[in-house]
Amino acid sequence: KQEVTQIPAALSVPEGENLVLNCSFTDSAIYNLQWFRQDPGKGLTSLLLIQSSQREQTSGRLNASLDKSSGRSTLYIAASQPGDSATYLCALTPTQGGSEKLVFGKGTKLTVNP
Amino acid sequence: KAGVTQTPRYLIKTRGQQVTLSCSPISGHRSVSWYQQTPGQGLQFLFEYFSETQRNKGNFPGRFSGRQFSNSRSEMNVSTLELGDSALYLCASSFFTGQGENGYTFGSGTRLTVV
């Protein structure tokens, strides 16, 4: 059974700092891995989608990498801002199961202090 | 283009009642899936529909059911509500191809409170 772990559960940094969020998974048989952002009480906003054949994706100040062999993904946020404060979730689509359901980690709650 | 629309945004129900939540996917998306989010369990998969057929179901009791209509809109129903059903219910749509190359787009969710 695929399990996704995100460490740390919470992170507090000063504004302007570069930071890395970690996501690990137990089974490398995945279609893709997606990073989401969730603001309190809101839905999920997709940040980056990495296909299993890709190693990384970039969007603005965000860069996500994927290493299937080690079962790890990282989300790098450059020059963090208070507006980046949110919970960041990684989710992957396993190839087994005959569907494309997502398996989520429990998230990292990020606080960027002005 | 319009995103994923979930209605209603908030619901308060009494134990024992039933509730129906609605989700309209992005135009052209035929795959709709539902997730329950609670502080203790995080995001858990409920079920997935494609072209009006349930393709997969998570580990939830039979009180949780759903369906999908020919226009891809989906509803989920929870009968005999329990306090533990209080959660944020999220719907996601995808342009499903079976190859996993497309990601999911989520709606804003329905916050269900059972009292």
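Both backbone and side-chain heavy atoms feed into the values below; hydrogens, waters and symmetry mates do not. Residue numbers start from 1 in every chain, and the chains themselves are labelled A, B, ... in the order their sequence lines are given, proteins ahead of strands.
- Shown here is B/R15, whose CZ atom has no more than 12 heavy atoms of other residues, nucleotides or ligands within 6.0 Å.
- Under a hydrophobic-cluster definition in which Ile, Leu, Val, Met, Phe, Trp and Tyr are linked whenever side-chain heavy atoms come within less than 4.5 Å, directly or via other members, A/W35 and A/V112 are assigned to the same cluster.
- Linking ILVMFWY side-chain heavy atoms closer than 4.5 Å, directly or via other members, places B/V114 and B/F64 in a single hydrophobic cluster.
- The contact between B/L43 and chain A is made by backbone and side chain atoms together, counting heavy-atom distances below 4.5 Å.
- Using a distance-only test at 3.5 Å, with no hydrogens or angles considered, a donor-acceptor pair links the side chain of B/Y35 to the main chain of A/L102.
- Here the straight-line distance linking atom NZ of A/K101 with atom CG of B/L46 works out to 11.0 Å at 0.5 Å rounding.
- Residue contact with chain B, scored on non-hydrogen atoms closer than 4.5 Å, involves the side chain of A/L89 exclusively.
- There is no contact between B/Q44 and chain A, counting heavy-atom distances below 4.5 Å.
- Heavy atoms of other residues, nucleotides or ligands lying less than 6.0 angstrom from NZ of A/K109 number 12 at most.
- With values rounded to the nearest 0.5 angstrom, B/F106 atom CZ is found 9.0 Å from A/S46 atom OG.
- Both A/L75 and A/L19 sit in one connected hydrophobic cluster of ILVMFWY residues. Membership requires side-chain heavy atoms under 4.5 Å apart, directly or through other members.
- Here the straight-line distance linking atom CG of B/L90 with atom CZ of A/F36 works out to 10.0 Å at 0.5 Å rounding.
- Put simply, B/V78 and B/L11 are part of the same group of oily side chains (I, L, V, M, F, W, Y) that touch within less than 4.5 Å, one to the next.
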